[in-house]
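Here the structure is laid out as structure tokens; the discussion comes afterwards.
For ligands, and for the atoms within them, numbers begin at 1 and follow the listed sequence.
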Amino acid sequence: MIQKINEATAFIRSQFNAEPVVGIVLGSGLGSFINEMEVEKEIPYDHIPHFPVSTVEGHSGKLIFGKLGGKNVVAMAGRFHYYEGYDTAAVVFPIRVMKFLGIQTLLVSNAAGGTNKTFKVGDLMIIKDHISFFTHNPLIGKNVDEFGPRFPDMSEPYKKDLIEKAKAIAAAKNIDIKEGVYCGVTGPTFETRAEYKLLCQIGGDAVGMSTVQEVIAAVHMGLPVFAMSVITDIGIREEENTITHAEVLQAAKDAEPKLTYLFKEMIAQL
Ligand code: HPA
């Protein structure tokens with residue numbers, strides 16, 4: 001594993017003198033975030049040795065290097081989901097590569113279904129904690145000590161100081177922002193009514209098919225994480241409506257300017 005990470009990292013460095021300090025993972029429908037970046041280099045995933053390749057609509061599949069908020073950043077346009085059939089090592093591969101490229105903070109975004117009754121479509125939710133459901137832990141197997149310890153502490157997967165920073169940035173700009181617990185599921189089915197209800201009852205505020213494994217791998221390597229969900233649909237609801245991928249993408253797109261602003265300001269203040 002280490003060898004693969006080193007080969008991928010070496011290849012990237014051979015293409016571009018990459019010295020990113022922040023890594024950014026963009027969720028479904030949130031890719032035009034890139035327009036805010038001063039792009040210096042794009043490297044398609046399929047050029048990088050050992051890198052998985054993205055298959056989902058709305059994900060373009062490349063690493064983008066450049067400046068944002070005055071800092072060198074690397075953004076993943078397109079991420080790897082467990083439901084696509086990748087194993088957990090593939091899902092977290094880019095996170096490990098970004099860490100080996102030198103990032104010191106990881107910012108993660110995702111589209112998620114609301115399981116908090118007070119949430120509306122388009123809300124932004126700071127992830128303060130997560131509950132991992134059904135997803136395989138990416139650290140199962142022999143521990144790679146170069147990454148981190150066998151039994152990593154998970155008492156603060158999302159750094160409190162980064163959360164406070166985000167809240168202050170949002171308040172200063174009058175951006176309404178929620179805070180809550182993200183439940184990670186495998187998908188690719190959206191949840192049944194009974195499942196949304198269960199997730200609400202056990203303290204979940206949002207549910208999605210990404211993020212948890214990436215965050216575990218980041219925490220394993222001692223990387224401070226900040227993550228935010230865009231609420232793209234309301235799972236916990238009375239009326240008889242369905243949820244479609246198209247609706248999720250549209251809602252994410254609509255909320256994107258707010259998310260972009262927050263990430264950009266956060267990076268500037270790191
Ligand atoms: N459930 C799971 N994943 C999601 C949802 C949802 O309702 N919306 C966007 N991603």
Side-chain angles (χ1 to χ4, degrees), residues 24-33 54-61 76-86 88 91-92 107-136 138 157-158 177-216 227-260 263:
I24 304 162
V25 185
L26 302 169
S28 301
L30 299 167
S32 66
F33 184 85
S54 189
T55 62
V56 189
E57 187 193 335
H59 293 253
S60 49
M76 282 178 70
R79 55 144 62 102
F80 304 102
H81 302 85
Y82 192 58
Y83 64 74
E84 293 176 84
Y86 299 110
T88 52
V91 171
V92 304
L107 304 188
V108 181
S109 64
N110 60 48
T115 54
N116 178 315
K117 289 177 184 151
T118 69
F119 286 4
K120 306 180 302 297
V121 168
D123 277 349
L124 293 182
M125 183 192 90
I126 293 172
I127 302 180
K128 67 174 180 193
D129 208 344
H130 72 225
I131 303 174
S132 174
F133 281 99
F134 327 132
T135 57
H136 273 90
Y158 306 89
I177 200 155
K178 317 286 187 206
E179 200 178 339
V181 173
Y182 175 90
C183 297
V185 297
T186 65
T189 42
F190 290 116
E191 289 61 46
T192 64
R193 285 171 176 276
E195 286 166 345
Y196 282 121
K197 194 168 161 197
L198 170 77
L199 297 174
C200 171
Q201 283 168 347
I202 62 164
D205 298 292
V207 53
M209 306 173 195
S210 65
T211 303
V212 165
Q213 292 166 322
E214 295 154 337
V215 170
I216 290 173
M228 192 139 64
S229 293
V230 175
I231 304 300
T232 55
D233 51 271
I234 301 298
I236 188 99
R237 65 204 189 285
E238 302 301 330
E239 72 277 21
E240 301 278 331
N241 62 332
T242 55
I243 296 170
T244 65
H245 186 48
E247 155 192 355
V248 166
L249 290 179
Q250 187 58 48
K253 220 182 180 113
D254 294 345
E256 196 168 29
K258 280 191 295 183
L259 179 103
T260 302
F263 271 23

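- Within the 3.5 Å criterion, the main-chain N or O of Thr189 finds no donor-acceptor partner in the side chain of Tyr83.
- Without hydrogens or angle criteria, Thr115 side chain to Ala206 main chain gives a donor-acceptor distance under 3.5 Å.
- Near ligand 1, residues Ala111, Ala112, Gly113, Phe190, Glu191, Tyr196, Val207, Gly208, Met209, Thr232, Asp233, Val248 come within 4.0 angstrom through at least one heavy atom.
- Counting all heavy atoms, side chain and backbone alike, Gly184 lies closest to Val212 at CA-CG2, 3.8 Å.
- Residues passing the side-chain hydrogen bond (donor to acceptor under 3.5 Å, both in side chains) test with Thr118, sequence neighbours excluded: Asn116.
- Among residues two or more places apart in sequence or in another chain, the side-chain hydrogen bond (donor to acceptor under 3.5 Å, both in side chains) test is passed with Gln213 by none.
- Taking the side-chain hydrogen bond (donor to acceptor under 3.5 Å, both in side chains) definition, one finds that Lys178 meets it with Asp176, sequence neighbours left out.
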